[in-house]
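Down below is the structure, laid out as structure tokens.
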Amino acid sequence: MGKNSLIGGSIWDEYSQKVQDRMNNPQHMGEFSEEDAKNRNAKLIVADFGAESCGDAVRLFWLVDEKTDKIIDAKFKSFGCGTAIASSDTMVNLCIGKTVDEAVKITNLDVEFAMRDNPETPAVPPQKMHCSVMAYDVIKQAAAHYKGINPEDFEDQIIVCECARVSLGTIKDVIKLNDLHTVEEITQYTKAGAFCKSCVKPGGHEKREHYLVNILAETRAEMDREKLKNATKSDVAFDEMTLVGQLKAVESVLDSEIRPMLHNDGGDLEVIDIQKAEGKAIDVYIRYLGACSGCSSGSGATLYAIENILQEELSPNIRVMPV
């Protein structure tokens, strides 16, 4: 696919040099036969996948050493645009040398990042990202064929953003943990919706079951219901809460009991993590901010006061750990 076959120079300029090189000179295009596999003491695996959004399709060929499950060589045949060729070539390059189980962990985002000239600049324009997201699915097909299982056995979560392989559970957790209010914030935190944008709202390149605008609205409504319920009374002990519940409970106590005191001295703190430790201990990791970050009391009286209040309000098993 040459430069002249694109709609215009402005679109061509949005492709990385790596993508342009692989469009015109793919390194792994071709196929293997059963004879090739026999000559290299390997098992031949052939898998197909097509992207309904743009009519592209890819056929993946693996030569797998059955003693080690390692992919000793791979090729592809792509039936589609230059972006599909470049991404398929990159995907194959990432597969070679990995075991089948390692290859299944390759995501579409891994492929896109491998095609970038620099980490900050996308490899393809957003309107063409949907043509480069077949990697994960065809790898999953090949791995399932090799293992003799259903391809869906590799998928244990509902995937909302195919481009970045972001699940529904991840998006909802990120919204709750970071109190997100916009789709743009979701994209900033997870990369969901950053590429082809089909998952952002209805009317994109491809019809989706879940859209970010709906997930955001539903999750915010769920958060409001939880807040109302917690404002009344919670019947769940702190030690038995989910991580999200524990974070909310700790933040609530900090807002009402601790932060006003710190703000008076020009300081603040943030909760970094909550982890279960040995025995019944629950470690709350915090970081001091502002004036508190350099205050000697940060590891003395102030720390003791924070820990004491959290223990009284939430659980005697809480330990506060400054980082």
Side-chain angles (χ1 to χ4, degrees), residues 118-120 166 169-194 212 215-323:
N118 62 74
E120 292 76 29
V166 184
T170 295
I171 293 172
K172 295 183 70 173
D173 284 346
V174 167
I175 292 171
K176 292 180 178 180
L177 287 171
N178 300 283
D179 193 26
L180 304 186
H181 290 79
T182 68
V183 169
E184 289 75 17
E185 288 177 321
I186 296 173
T187 301
Q188 180 183 354
Y189 276 83
T190 69
K191 302 300 182 184
L212 297 184
I215 297 170
L216 178 62
E218 292 166 3
T219 305
R220 293 299 312 182
E222 183 180 332
M223 292 168 67
D224 290 340
R225 290 193 296 270
E226 290 178 358
K227 187 181 296 184
L228 180 62
K229 180 179 178 181
N230 291 334
T232 307
K233 185 177 180 181
S234 175
D235 295 325
V236 181
F238 179 83
D239 295 29
E240 299 174 357
M241 289 180 179
T242 63
L243 174 59
V244 172
Q246 290 180 336
L247 280 170
K248 285 181 173 294
V250 169
E251 287 287 355
S252 178
V253 173
L254 293 177
D255 285 341
S256 61
E257 304 288 339
I258 302 297
R259 286 197 170 98
M261 174 181 64
L262 299 180
H263 291 169
N264 288 336
D265 295 326
D268 202 346
L269 64 79
E270 64 177 343
V271 179
I272 302 300
D273 197 7
I274 297 179
Q275 296 182 3
K276 290 185 177 180
E278 294 181 3
K280 295 183 178 181
I282 300 174
D283 292 338
V284 178
Y285 291 86
I286 64 170
R287 177 187 292 130
Y288 291 103
L289 304 173
C292 292
S293 60
C295 180
S296 60
S297 65
S299 58
T302 302
L303 180 64
Y304 175 80
I306 295 171
E307 185 174 87
N308 187 55
I309 291 173
L310 289 176
Q311 289 175 347
E312 289 182 355
E313 294 289 331
L314 300 175
S315 170
N317 297 319
I318 289 177
R319 299 187 306 189
V320 178
M321 317 288 285
V323 295

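We're numbering straight along the sequence, starting at 1. Small disclaimer: the values here were computed from a predicted structure and weren't measured. Only heavy atoms go into these numbers, but all of them, side chains included; no hydrogens, no water, no symmetry mates.
The CD1 atom of I282 lies 10.0 Å from the CE atom of M241; values are rounded to the nearest 0.5 Å. If you take CG on D273 and OH on Y285, they are separated by 7.5 Å, rounding to the nearest 0.5 Å. One finds the CE atom of M261 at 10.0 Å from the CG atom of L254 (value rounded to the nearest 0.5 Å). Interatomic distance, K172 NZ to T170 OG1, rounded to the nearest 0.5 Å: 12.0 Å. Expressed to the nearest 0.5 Å, how far CE of M321 lies from CD1 of I286 amounts to 10.5 Å. A distance of 10.0 Å separates CG of L303 from CG of L269, quoted to the nearest 0.5 Å.
The closest side-chain heavy-atom distance from R259 to E251 is below 4.5 Å. Counting heavy atoms from C-beta outward, T182 and T187 have side chains that stay 4.5 Å or more apart. In this structure the side chain of R287 reaches within 4.5 angstrom of the side chain of L289, judged on heavy atoms.
No donor-acceptor pair under 3.5 Å is formed between the side chain of T219 and the backbone N or O of L216. Between the side chain of R220 and the backbone N or O of L180, at least one donor-acceptor pair lies under 3.5 Å. A side-chain donor-acceptor contact under 3.5 Å links S256 to the backbone of S252. Formation of a donor-acceptor pair under 3.5 Å by the E185 side chain with backbone atoms of H181 is found in this model.
Under a 4.0 Å N-O distance rule, the pair K176/E222 qualifies as a salt bridge.
When every heavy atom of V320 is checked against every heavy atom of E307, the shortest pair comes out as N-OE2, 2.9 Å. Closest heavy-atom contact between M223 and I175: SD-CG2, 4.0 Å. The minimum heavy-atom distance between Q246 and F238, with the atom names listed, is NE2-O, 3.0 Å.
With I186 as reference, I171 is the one residue of V174, V166, I171, I215 to meet the side-chain contact (heavy atoms from CB on, under 4.5 Å) rule.
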